[in-house]
Amino acid sequence: MNFESLLSIYFTYISPVLDVAILTFVFYKAYQLVIRTNSVQILNSAIIVAMAWGIIKILHLSMLQWLLDMILPALIVGFAIVFQPEIRKVLLKLGEAGWLTRHKKTQYTIECIEAVLYAAETLSKLKRGMLVVFLRNTKLDDIIDTGEKLDAASYKGVNAYVSGSLLITIFQYDTPLHDGAVVIQDNRLIAAGCFLTLSTNYDIKKTFGTRHRAALGVSEQSDSISLVVSEESGAISLAYDARLHYDLTHDQLKNTLLKLLSVADYPVDENEVPNELKSVS
């Protein structure tokens, strides 16, 4: 079989299949990205415009087609302005993939998670609020700069991890660092008293306070995971992927953090990982 025959087979059989497979994969990943960033309204708006354009073409409505052609540039600009927050989230998610950059992956241990959960459950019983942000791939230096940089940790042998007692001390009393979030990275408490951007989600419960809105807000802008303790009810919740999972049990909290923070050598019970938005509307 010569080279020309191989080319003929490729362009006749392999190329169309490869073309469809790649296109399907791109559409699937784009759909996942839109769903994860809670930007379905962008997709809905684009579908409506595409359907309108298709109907106009099929019915040969020349005046409407002329009008659509005239306003299309302005429509694209308006679309970008109206959906600027959602488009920003999509671009952030694309940047998190790290295709063009090399960086050290953030690592967490079981000791770090257990220390945070110990502090959260202790403060929950005392009805004291708490807000902790676990960094993953997205850098949040602008948020860290709003607080006090501590870089604090306890040690177990040579391994460092965040101190549960320090977290309780920060949030149990009305100290200057109490009003704000604690940021954790690589098992260390990087900063405390940090201020987060509040969520603009209008579907969230009106009874939720600033901490829950801040936890949801940072999850909308990055791939971080926020743990928040309610002062009113003592409920412990997690916010990630632009969703707030409210009032979780100890097992749900632990298994979710083990999974999302990729803690090695510890099994995750998938039945204890919430997969739906809970109690935010």
Side-chain angles (χ1 to χ4, degrees), residues 4-101 136-138 197-206 213 216-225 239-246 260 273-281:
E4 290 183 356
S5 299
L6 289 174
L7 281 179
S8 177
I9 292 173
Y10 172 78
F11 286 111
T12 305
Y13 301 103
I14 300 176
S15 178
V17 174
L18 188 61
D19 198 14
V20 172
I22 293 174
L23 192 60
T24 302
F25 176 77
V26 169
F27 278 127
Y28 174 71
K29 298 303 287 186
Y31 173 77
Q32 278 190 323
L33 193 61
V34 168
I35 294 300
R36 285 187 62 196
T37 52
N38 215 20
S39 305
V40 182
Q41 57 266 47
I42 296 180
L43 187 60
N44 291 339
S45 301
I47 290 173
I48 291 172
V49 172
M51 288 177 62
W53 182 83
I55 292 171
I56 290 171
K57 279 286 188 180
I58 292 171
L59 298 179
H60 300 287
L61 305 176
S62 56
M63 289 296 292
L64 286 176
Q65 185 174 339
W66 172 82
L67 181 62
L68 188 61
D69 291 340
M70 290 290 293
I71 66 173
L72 190 58
L75 193 64
I76 294 173
V77 173
F79 184 86
I81 294 173
V82 171
F83 292 107
Q84 183 270 335
E86 286 77 12
I87 294 172
R88 182 175 181 272
K89 293 172 196 174
V90 171
L91 294 176
L92 279 172
K93 290 294 180 182
L94 285 173
E96 288 164 12
W99 295 332
L100 300 178
T101 58
R136 290 201 281 179
N137 296 318
T138 306
T197 303
L198 302 185
S199 172
T200 56
N201 187 346
Y202 296 106
D203 294 330
I204 191 171
K205 266 188 175 181
K206 302 300 181 184
R213 293 178 181 275
L216 186 58
V218 72
S219 76
E220 292 171 346
Q221 299 175 1
S222 69
D223 68 341
S224 63
I225 304 163
Y240 55 91
D241 288 341
R243 294 186 175 185
L244 179 66
H245 299 267
Y246 183 70
L260 297 180
V273 177
N275 54 12
E276 294 182 357
L277 191 62
K278 295 182 61 179
S279 304
V280 300
S281 58

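Numbering starts at 1 and runs along the sequence shown.
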Taking atom [atom1] of [X] and atom [atom2] of [Y], what is their separation to the nearest 0.5 Å?
{"X": "Leu67", "Y": "Leu61", "atom1": "CG", "atom2": "CG", "value": "11.5 Å"}
{"X": "Ile225", "Y": "Ser219", "atom1": "CD1", "atom2": "OG", "value": "10.0 Å"}
{"X": "Ile55", "Y": "Leu64", "atom1": "CD1", "atom2": "CG", "value": "11.0 Å"}

Using every non-hydrogen atom in the two residues, find where [X] and [Y] come nearest and quote the distance to one decimal.
{"X": "Ala242", "Y": "Glu220", "answer": "CB-CG, 3.8 Å"}
{"X": "Arg136", "Y": "Asp223", "answer": "NE-O, 2.6 Å"}
{"X": "Ser199", "Y": "Leu216", "answer": "OG-CD2, 3.6 Å"}

Let me know which of Val17, Leu18, Leu23, Thr24 forms a side-chain contact (heavy atoms from CB on, under 4.5 Å) with Val20.
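With Val20 as partner, Val17, Leu18, Leu23, Thr24 yield a single side-chain contact (heavy atoms from CB on, under 4.5 Å), made by Thr24.
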